[in-house]
Asker: 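I am attaching a structure below and will ask some questions about it afterwards.
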Amino acid sequence: MSYVGPEFDPSQPPRRSVRRPLTVAVAALVPTCLAGYLVYQATSGPDGNEPARSLPASSSASADPDAPSGSSSSSPSSSSGTNPSDKAKEKDKNDKDGKGGDADDNDSATKPSGGRPTANGPLKGKVVVIDPGHNPGNFRHPSDINRQVDIGTNRKECDTTGTSTNHGYTEAKFTLDVSRKLRTLLQKQGATVEFTQDDDRPWGPCVDERARIGNEAHADAVVSIHADGSGAGNRGYHVIMPGKVRSGSADTSAIVAPSKELGERIAGKFVSATGSAPSNYIGGGTGLDTRTDLGGLNLSTVPKVFIECGNMRDAKDEALLTSPAWRQKAAQGISEGIAGFLRK
């Protein structure tokens, strides 16, 4: 490091007198004048009246950080406007955020496109439809989600906004995160996975359309992911299975039995993967419930269940539901239940 200050007085080298003959000075002056004339010819027009032309820049010129704003640089980093080391730091940050973080982490960086299975695996050829409950944008479209749709037994609202924890973590965010983790796990086993929504539409779909998506996909299994909004003190998960319905456009006769098996397998694997207990307020301690008032089940023609992974309004369940690590365990349990059902 160099230093120049008020007390720094570098010594000057001794001056040498110039005692060269006049002929040497003249000989040096001639080529200088000739070079100046050539530069003039290169930078002016034939009559000396055209605008000056720029000489090509030397390929060895380097960028000068103090150069005027009009100057350009051939440095690759300057053309992108981003320092490569900054890109690496940002990638490291994104990688870390995808592996953990707060309750709002939805691991969007790891979102694969729907339906992309691995080349081989035990679930190759199987189609699974995942139905993330509610849509993050539903609250912006009250008139759309409140309109009535046919659910077979009667008419019901198209959809709802879902619930949230007492600290504002929404069910819609929770269901998307668990669903995306579940998709990754199933695809690794070779399954073709489709979503009813992936936060890729403004609102919905309605419950009748959610059922139709699974039917038209000829799914081998459909699972709708939810979290409950019951009172404090009510804890645990429960799986909802379709009851027998034959009314209007609804006929669950063919799917009641396979849906029951699907639900039982998911419930068993969910408890072992997460350590969570079955619901203490629904299902009599079995973690299983049967309903005939849900359009998503009534209108399904393929095996389908809902799972309420916990109660968002209970503080102890909230601590689990807002944990990215626990949500990964939840996805693992659901995945194992689906795989067991499909491999039977």
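Computed from a predicted model, the values in this text were never measured in an experiment.
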Asker: With rounding to the nearest 0.5 angstrom, report the CD to CD1 distance, Glu194 to Ile130.
Answerer: 10.5 Å
Asker: When you measure from the side chain of Thr274 to the backbone N and O of Lys329, does any donor-acceptor pair fall under 3.5 Å?
Answerer: no
Asker: If you apply the rule salt bridge (Lys or Arg N to Asp or Glu O under 4.0 Å), what do you find for Asp150 with Arg155, and how did you get there?
Answerer: CA-CA 5 Å; Asp150 179 24; Arg155 297 182 69 81; 5.1 Å; no
Asker: With Lys304 as the cation and Phe306 as the aromatic partner, state whether NZ or CZ is under 6.0 Å from the six-membered ring centre and within 45° of the axis.
Answerer: no
Asker: Answer yes if the side chains of Thr161 and Asn138 hold a donor-acceptor pair under 3.5 Å, and no otherwise.
Answerer: no
Asker: Between His141 and Trp203, how do the two ring planes meet: parallel, tilted or perpendicular, split at 30° and 60°?
Answerer: tilted
Asker: Report yes or no: do Ser230 and Asp228 form a side-chain donor-acceptor pair below 3.5 Å?
Answerer: no
Asker: For the residue pair Arg313 and Asn166, what are the closest heavy atoms and their distance?
Answerer: NH1-OD1, 3.0 Å
Asker: Would you say the side chain of Leu186 lies within less than 4.5 Å of the side chain of Ile338, judging by non-hydrogen atoms?
Answerer: yes
Asker: Has the side chain of Arg210 got a donor or acceptor atom that lies under 3.5 Å from a matching backbone atom of Pro205?
Answerer: yes
Asker: Would you compute the distance between atom CZ of Arg235 and atom OG of Ser279 and round it to the nearest 0.5 angstrom?
Answerer: 11.0 Å
Asker: Output the distance between atom CE (Met312) and atom CG (Asp317), rounded to the nearest 0.5 Å.
Answerer: 10.0 Å
Asker: With rounding to the nearest 0.5 angstrom, report the CD to SG distance, Gln148 to Cys158.
Answerer: 10.0 Å
Asker: Would you verify whether the NZ or CZ of Arg327 falls within 45 degrees of the ring axis of Phe174 while also being under 6.0 Å from that six-membered ring's centre?
Answerer: no
Asker: Same hydrophobic cluster for Ile334 and Val222, using side-chain heavy-atom links shorter than 4.5 Å among ILVMFWY?
Answerer: no
Asker: Distance only, no hydrogens: is a donor on one side chain within 3.5 Å (strictly under) of an acceptor on the other, for Gln189 and Ser335?
Answerer: yes
Asker: What's the shortest heavy-atom distance between Ala211 and Ser300, and which atoms?
Answerer: CB-N, 4.2 Å
Asker: Would you kindly say whether Thr160 and His134 are connected by a side-chain donor-acceptor distance under 3.5 Å?
Answerer: yes
Asker: Does a side-chain N-to-carboxylate-O contact under 4.0 Å join Lys316 and Asp314?
Answerer: no
Asker: Rounded at 0.5 Å granularity, tell me how far CG in Asn311 sits from CG in Leu321.
Answerer: 8.0 Å
Asker: What pair of heavy atoms forms the shortest contact from Lys269 to Gly337, and how long is it?
Answerer: CG-N, 3.6 Å
Asker: Please report the shortest heavy-atom distance between Gly133 and Thr175, naming the atom on each side.
Answerer: O-OG1, 2.9 Å
Asker: Can you tell whether the side chains of Arg201 and Glu209 come within less than 4.0 Å, N to carboxylate O?
Answerer: yes
Asker: Could you pull out all residues at least two apart from Ala267 that satisfy side-chain contact (heavy atoms from CB on, under 4.5 Å)?
Answerer: Tyr237, Val239, Leu288
Asker: Under 3.5 Å, is there a donor-acceptor pair between the Glu336 and Gln332 side chains?
Answerer: yes
